[in-house]
Amino acid sequence: MDRIHITGGAPLNGVIPISGAKNAALPLMIASLLTGETLELINVPRLADIAALTRILGNHGVDHMVVGKRPGQTTETGQTIRLTASNVIDTTAPYDLVSTMRASFWVIAPLLARFGEAKVSLPGGCAIGTRPVDLLIMALEKLGAEIEIDAGYVVARTKNGLRGAEIVFPKVTVGGTHVALMAAALAYGTTVIENAAREPEVVDLAECLNKMGAKIRGAGTPHIEIEGVARLNGARHAVLPDRIETGTYAMAVAMAGGDVVLKDTRADLLHAALDILSTTGAEITPVEGGIRVRRNGAGIAAVDVTTDPFPGFPTDLQAQFMALMTLAKGQSHIRETIFENRFMHVQELARLGAKIRLEGDLAIVEGVERLRGAPVMATDLRASVSLVIAGLAAEGETQINRVYHLDRGFEALEAKLGRCGAQIERVRA
Ligand SMILES: CC(=O)N[C@H]1[C@@H](OP(=O)(O)OP(=O)(O)OC[C@H]2O[C@@H](n3ccc(=O)[nH]c3=O)[C@H](O)[C@@H]2O)O[C@H](CO)[C@@H](O)[C@@H]1O
Ligand SMILES: C=C(OP(=O)(O)O)C(=O)O
């Protein structure tokens with residue numbers, strides 16, 4: 001298995017291009033199942049999760065084409081893909097394909113809405129908690145689906161099509177909102193979603209669906225209304241910038257020091273995280289087409305953080321922020337409210353010399369003077385990248401194992417950091 005070697009201590013200086021968001025690209029690709037016409041997606045990141053979903057869609061019979069590179073386009077500027085689901089041959093998403101990635105379960109919504117049936121394996125994804133799908137199933141049942149669980153598969157059917165309904169989510173769920181949006185877009189009548197997720201990726205999906213002919217209002221607020229239509233058409237849509245990648249590199253600069261422009265991204269996608277970063281002492285300035293992040297020799301202030309659904313501080317940046325706090329002056333309290341088991345990075349950060357104590361959903365981080373490089377490994381995507389950030393600031397060499405987690409969500413990580421002065425290389429097994 002590949003490893004990443006980092007020799008820490010070098011500040012980061014330069015420009016990092018931000019890719020299209022993995023968590024937007026995945027539901028957008030799935031939305032291609034809603035129409036027989038072509039959906040063209042621009043700025044799709046080259047990631048293992050995207051490749052995995054491409055295989056799943058291919059298994060259903062979706063035709064996938066990568067549009068030729070434009071002059072000057074590098075491997076970090078995303079790809080344009082065309083997806084055409086004019087000949088869906090199979091409405092089953094098998095275990096082997098679905099078990100690696102949470103989002104793949106969401107194919108259940110367009111398959112059910114367009115073909116009246118779907119059989120989808122219960123999902124996998126990052127090992128960060130139990131991650132049930134009860135609320136996704138509840139939403140589909142409200143829309144009139146008959147659902148049973150059989151041998152690890154969710155089997156969904158509708159005899160006379162889906163019907164608009166009121167869906168009230170008892171807790172905010174991104175996947176639940178995506179599923180409800182896609183299913184309701186083709187349901188008969190009006191659907192109202194209450195307590196909808198407000199994440200930018202939900203807004204991106206709704207905008208794309210509207211380009212495809214859907215009638216969705218209110219995405220980005222807790223109250224979304226969808227007037228179902230009989231059919232949807234093709235469209236062209238650019239995936240929004242990855243706010244988690246943006247925040248991750250911002251935290252890397254805040255920790256390792258330096259001066260970096262994160263380009264092709266937007267500060268409004270992650271205000272909560274950028275505000276907190278400023279409080280730690282990083283200098284954050286919006287610039288045209290991106291964000292400039294600077295930190296000079298001054299120390300890192302300890303700041304408390306609680307993860308929350310958007311617009312709050314994202315759980316997908318919690319591990320990276322914890323890495324930063326390991327070098328802060330004083331004590332920081334980090335509370336994880338979204339997933340019950342998202343502290344797998346704590347014991348790995350400890351290998352580098354971090355002092356962190358866990359009390360239920362609270363991590364108490366005592367800042368230390370310095371971290372020292374060590375071999376580490378992580379069990380999920382964001383935890384892995386928190387170790388990269390810590391490795392960049394640690395003295396000596398850090399070896400990160402199980403790199404496939406990073407490849408799920410960070411496009412050209414070594415190249416992007418390497419060009420800013422980081423000493424980072426991939427050692428192929
Ligand atoms: C591919 C993708 O976009 N993944 C993101 C998505 O995951 P995902 O869509 O899986 O996360 P949800 O927003 O659905 O989960 C939020 C909370 O609701 C719970 N829940 C969810 C569904 C359900 O049926 N029942 C239930 O209890 C979950 O266990 C969790 O505690 O949003 C998370 C929260 O921002 C992010 O960390 C993930 O990176
Ligand atoms: C948790 C994540 O992904 P998934 O929902 O696919 O496990 C993530 O992107 O941080």
Side-chain angles (χ1 to χ4, degrees), residues 19-35 37-45 47 49-50 53-54 56-57 62 78 81-83 85 101-114 123 125 133 135-136 139-140 143 162 167 169 172-187 191-229 232-244 266 268-269 309-311 314 316:
S19 298
K22 163 181 90 77
N23 287 351
L26 295 172
L28 289 168
M29 288 171 69
I30 289 171
S32 71
L33 282 166
L34 285 165
T35 174
E37 295 181 18
T38 299
L39 178 63
E40 181 168 301
L41 296 174
I42 302 155
N43 200 31
V44 177
L47 295 170
D49 273 12
I50 299 293
L53 181 60
T54 303
I56 291 165
L57 294 176
V62 178
I81 62 171
R82 286 191 191 134
L83 298 165
M101 190 183 41
R102 171 85 179 168
S104 49
F105 182 77
W106 305 340
V107 297
I108 194 167
L111 288 172
L112 179 67
R114 187 160 155 228
V133 287
L135 300 177
L136 284 67
L140 295 174
L143 294 170
L162 297 174
I167 299 169
F169 285 115
V172 175
T173 155
V174 173
T177 308
H178 285 324
V179 157
L181 278 179
M182 287 190 272
L186 282 183
T191 297
V192 173
I193 308 175
E194 299 291 0
N195 200 23
R198 295 152 69 188
E199 269 65 5
E201 294 76 21
V202 168
V203 178
D204 208 34
L205 175 65
E207 282 175 2
C208 179
L209 291 173
N210 281 344
K211 286 182 194 166
M212 293 166 72
K215 293 189 176 157
I216 301 170
R217 277 182 309 168
T221 77
H223 174 93
I224 303 182
E225 283 182 29
I226 306 127
E227 207 184 303
V229 295
L232 291 170
N233 46 258
R236 192 162 188 268
H237 185 80
V239 179
L240 95 168
D242 195 318
R243 63 193 166 99
I244 305 304
R266 287 168 26 204
D268 65 294
L269 299 174
F310 192 85
D316 290 352

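- In this structure the side chain of Val133 reaches within 4.5 angstrom of the side chain of Pro123, judged on heavy atoms.
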Side chain to side chain contact (heavy atoms under 4.5 Å, CB included) between Leu186 and Leu162: does it pass, once the steps are laid out? CA-CA 7 Å; Leu186 282 183; Leu162 297 174; over 6 Å; no
Passes side chain to side chain contact (heavy atoms under 4.5 Å, CB included), Asn23 versus Glu199? Steps please. CA-CA 10 Å; Asn23 287 351; Glu199 269 65 5; over 6 Å; no
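- The line from CZ of Arg82 to CD of Glu37 is 14.0 Å long, rounded to the nearest 0.5 Å.
- Not one N or O on the side chain of Thr38 forms a donor-acceptor pair closer than 3.5 Å with the backbone of Gly234.
- Considering every non-hydrogen atom in both Ala25 and Val44, the closest pair reads CB-CG1, 4.4 Å.
- You'll find the side chain of Met182 reaches within 4.5 Å of the side chain of Ile30, heavy atoms only.
- Atom CE in Met29 sits 9.5 Å away from atom CG in Leu39 (nearest 0.5 Å).
- For the atom pair CG of Asp49 and NZ of Lys22, the computed distance is 5.0 Å after rounding to the nearest 0.5 Å.
- Separation of atoms CG (Leu53) and CH2 (Trp106) is listed at 10.0 Å; rounding is to 0.5 Å.
- The side-chain heavy atoms of Ile108 and Leu136, taken from C-beta on, include no pair separated by under 4.5 Å.
- Between the side chains of His237 and Glu40, no donor-acceptor pair is found at a separation under 3.5 Å.
- Nearest heavy-atom pair, Pro200 versus Leu269, reported as atom, atom and distance to 0.1 Å: CB-CD2, 3.7 Å.
- Contact between Cys208 and Leu28 at its shortest, heavy atoms only, is CB-CD2, 3.3 Å.
- Leu209 contributes atom CG, which lies 9.0 Å from atom CD1 of Ile226 (distance to the nearest 0.5 angstrom).
- Under the 3.5 Å distance criterion, the side-chain polar atoms of Asp204 are left unmatched by any main-chain donor or acceptor of Ala24.
- Glu201 has its side chain within reach of Arg243: a pair of non-hydrogen atoms, C-beta onward, lies under 4.5 Å apart.
- Using a 4.5 Å cut-off on side-chain heavy atoms (C-beta onward), Arg198 and Pro309 make no contact.
- Ile167 has its side chain out of reach of Val192: every pair of non-hydrogen atoms, C-beta onward, lies at least 4.5 Å apart.
- Counting only distance, with no hydrogens or angles, the side chain of Asp242 and the backbone of Ser19 share no donor-acceptor pair below 3.5 Å.
- Pro27 places none of its side-chain heavy atoms less than 4.5 Å from the side chain of Leu181.
- Taking the side chain as every heavy atom from C-beta outward, Glu225 and Glu227 never approach each other to under 4.5 Å.
- Here His178 contributes atom NE2 and Leu26 contributes atom CG; the two are 8.5 Å apart, rounded to the nearest 0.5 Å.
- Annotation for Thr173 and Ala197: closest pair O-CB, 3.7 Å, computed over non-hydrogen atoms.
- Residue Ile224 comes nearest to Thr221 through the heavy atom pair CG1-O, 3.9 Å, listed as atom of the first residue, atom of the second, then distance.
- Annotation for Ala85 and Ser32: closest pair CB-O, 3.4 Å, computed over non-hydrogen atoms.
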